[in-house]
Amino acid sequence: MFSKVLIANRGEIALRVLRACRELGIRTVVVYSAADADSAPVRLADEAVRIGPAPARRSYLNAAAIVEAARQTGAQAVHPGYGFLSEDADFAEICAENGLTFIGPPPHVMAALADKSTARALMRRAGLPLPAGSVRTLPTLAEASRVAEEVGYPVIVKAAAGGGGRGMRVVRTPAELARAYARTRADAQAVFGDDRVYVERYLTDARHVEVQVLCDAHGHGVHLGTRDCSVQRRHQKLVEEAPAPALSPATLDAIAETALHGVLEVGFTGVGTVEFLVDDAERFHFLEINSRIQVEHPVTEMVTGIDLVHEQLHVAAGVPLRLRQSDVRLRGVAVEARVNAEDPERDFAPSPGRLDRFTPPGGPFTRVDTHGYAGYLVGPHYDSLLAKVAVWAPDRELALDRLERALDEFDVAGPGVRTTIPFVRRVLDDAAFRKGRYSTAIVERLLAGHGPLRPQAVPAPAGPGPAPAPPVVAAASPTADPS
Ligand code: MV4
């Protein structure tokens, strides 16, 4: 096992990785930007190295500075967390060239999966069912049009270099194709420096189901069941649960086994996520593979009892998996809500500011992953995830009640700071969601069909210092949905 690992990330995931390292007796180095000098990971790490100013491009995306920090501190491996450089095959390659173990799959596997068109071709060859569409990228509008006519409208134009919802456009009619095709290519060129696109049939009202896989460097792997991540707003997930609800056990097994087969075929190692869309008839269609630890990994940990970051560290160190598929038992239901500093009333716009109150919930079977604290400054530079509140229960009903209870306890407030808590509460109260009968359409439906989340704006306190004490604990979250 490694004796020192560098954590190339920030926020709650940097803390999560740091804790896993500490439990395994591994010393930790965190790198940080000027904006994160006062952060919890910097305080808790054995060593911290400042690598640049606030903008991510010059800090958390600065490969040379990160490698230099590893050299200075003698770290043997780099954990990239999620986002930033976590799926950057070039960074993984640079790590290898500098004698560092990148904690993730081999760079050539990362590169193949990062190209969504290549991933699609590889999974097709492995026998996975895909949405109808093109196998190759489509360099002309004429070819895109031919594929679209073949599979039938609506279609979706996707950038090969995209993924996670970035670089894609839905096209409802043939008349819209030319414009969507041109725009997707232009955007992809601008954002990724790669304008290759492909076309798929667009599956409406499907569920977004993903499979957690774990593979060692010796050709062995297990799947750790499914998660439903259909509750998304502009491809940002708001609520995630494990296992995916309202699907037959046979379907869940088939999806999970198919996913594991797919990743083993391409030499995947480490933890990964295979994304599918599942339609009303419970047919599933492969979308893409993520080669990193995901934000929503806690719900899988809660239903399996397996520490995914421990597993990542073991696999990266070359340790063979001790776990067999028959050892993986899914127990109960786990549900997670993301608490972002965003204003659901203003189109989920970032809502930065200082948190003068921050007391996360506790209680039975309740896990909070957060880097927040009273006095924490939510800056404008990075994504606005403040906390993940995850709960476990033997059944889904109780899990949802427990999550509501936990969110209602969360005391988070600061002048001008709004959170996603009121919107998540609305999701948890929705009748279709409660039955497990929801799809990727749920967020639009809830945004369209409701009045305001707050009866009136809560005036921001004039200056620093605590807000007036609320009369009862249940009202302690000033942003809680009053409905
Ligand atoms: C799709 C799709 C429907 N049909 N592809 C979005 C995230 C990325 N991993 C793939 N995504 C999708 N790809 C086809 N052929 C639906 C999604 C999708 C989605 C689309 C609109 C609004 C919310 C969504 C949530 C999850 C997935």
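Since the model is a prediction, treat every value here as computed from it, not as a measurement. Counting convention: from 1, in listed order, for ligands and their atoms alike.
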Check: Where's the contact between Leu277 and ligand 1, heavy-atom distance under 4.0 Å: side chain, backbone, both or neither?
Finding: side chain
Check: Restricting to pairs with a member in residues 173-226, which pass ring pair (Phe, Tyr, Trp, His ring centres under 6.0 Å), not counting sequence neighbours?
Finding: none
Checklist line | N or O contact, Glu288 vs ligand 1, cut-off under 3.5 Å | finding: yes
Margin query: Which of the numbered atoms in ligand 1 are under 4.0 angstrom from any heavy atom belonging to Gln232?
Written below: 25 (C), 26 (C)
Note to self: Only heavy atoms of Glu200, strictly under 4.0 Å: list the atoms of ligand 1 that pass.
What the structure shows: 5 (N), 14 (C), 15 (N)
Notebook entry, point to check: What's the shortest distance from atom 21 (C) of ligand 1 to any protein heavy atom, and which residue and atom give it?
Noted result: Tyr202 OH, 3.5 Å
Note to self: Taking distance alone, with N or O pairs closer than 3.5 Å, would you say Thr440 contacts ligand 1?
What the structure shows: no
Next item on the list: Among all protein heavy atoms, pick the one closest to atom 27 (C) of ligand 1 and tell me residue, atom and distance.
Entry: His208 CD2, 3.5 Å
Margin query: To the nearest 0.5 Å, what is the distance between NE2 on His297 and CG on Asp307?
Written below: 7.0 Å
Next item on the list: Look at atom 13 (N) of ligand 1 and say which protein heavy atom is nearest, naming residue and atom and giving the distance to 0.1 Å.
Entry: Lys158 NZ, 3.1 Å
Item checked: Heavy-atom neighbours of Arg445 CZ exceed 12 at 6.0 Å -> yes
Notebook entry, point to check: What about the rings of Tyr32 and Tyr60, do their centers lie closer together than 6.0 Å?
Noted result: no
Item checked: Non-hydrogen atoms of Asp216 and Thr269 that approach each other most closely -> O-CG2, 3.4 Å
Notebook entry, point to check: Considering only heavy atoms of His235, which atoms of ligand 1 have at least one such atom less than 4.0 Å away?
Noted result: 6 (C), 7 (C), 19 (C), 20 (C)
Next item on the list: Output all residues satisfying ring-ring contact (aromatic ring centres under 6.0 Å, His included) with Tyr82, sequence neighbours left out; order by chain, then residue number.
Entry: none
Check: Considering only protein heavy atoms, which is closest to atom 7 (C) of ligand 1, and at what distance to one decimal place?
Finding: Gly165 N, 3.5 Å
Check: What atoms of ligand 1 come within less than 4.0 Å of a heavy atom belonging to Glu275?
Finding: 8 (C), 9 (N)
Notebook entry, point to check: Just how far is it from atom CD1 of Ile7 to atom SG of Cys21, taken to the nearest 0.5 Å?
Noted result: 5.0 Å
Next item on the list: Could you tell me which atoms of ligand 1, counted from 1 in the order shown, lie closer than 4.0 angstrom to a heavy atom of Arg201?
Entry: 4 (N), 14 (C), 15 (N)
Next item on the list: Measure the distance from atom 12 (C) of ligand 1 to every protein heavy atom, then report the residue, atom name and distance (to 0.1 Å) of the closest one.
Entry: Leu287 CD1, 4.0 Å
Note to self: I need the nearest protein heavy-atom contact for atom 4 (N) of ligand 1: residue, atom name and distance, please.
What the structure shows: Leu203 N, 2.9 Å
Checklist line | Asp347 and Arg234: CA distance, side-chain angles, deciding distance, salt bridge (Lys or Arg N to Asp or Glu O under 4.0 Å) verdict | finding: CA-CA 10 Å; Asp347 225 19; Arg234 288 212 202 97; 2.7 Å; yes
Checklist line | Pairwise distance NE2(His371) to CZ(Arg10) - rounded to 0.5 angstrom | finding: 5.0 Å
Check: Of all the non-hydrogen atoms in the protein, which one sits nearest to atom 11 (N) of ligand 1, and at what distance?
Finding: Met168 SD, 3.9 Å
Notebook entry, point to check: NZ/Lys116 to CD/Glu288 distance, rounded to the nearest 0.5 angstrom?
Noted result: 4.5 Å
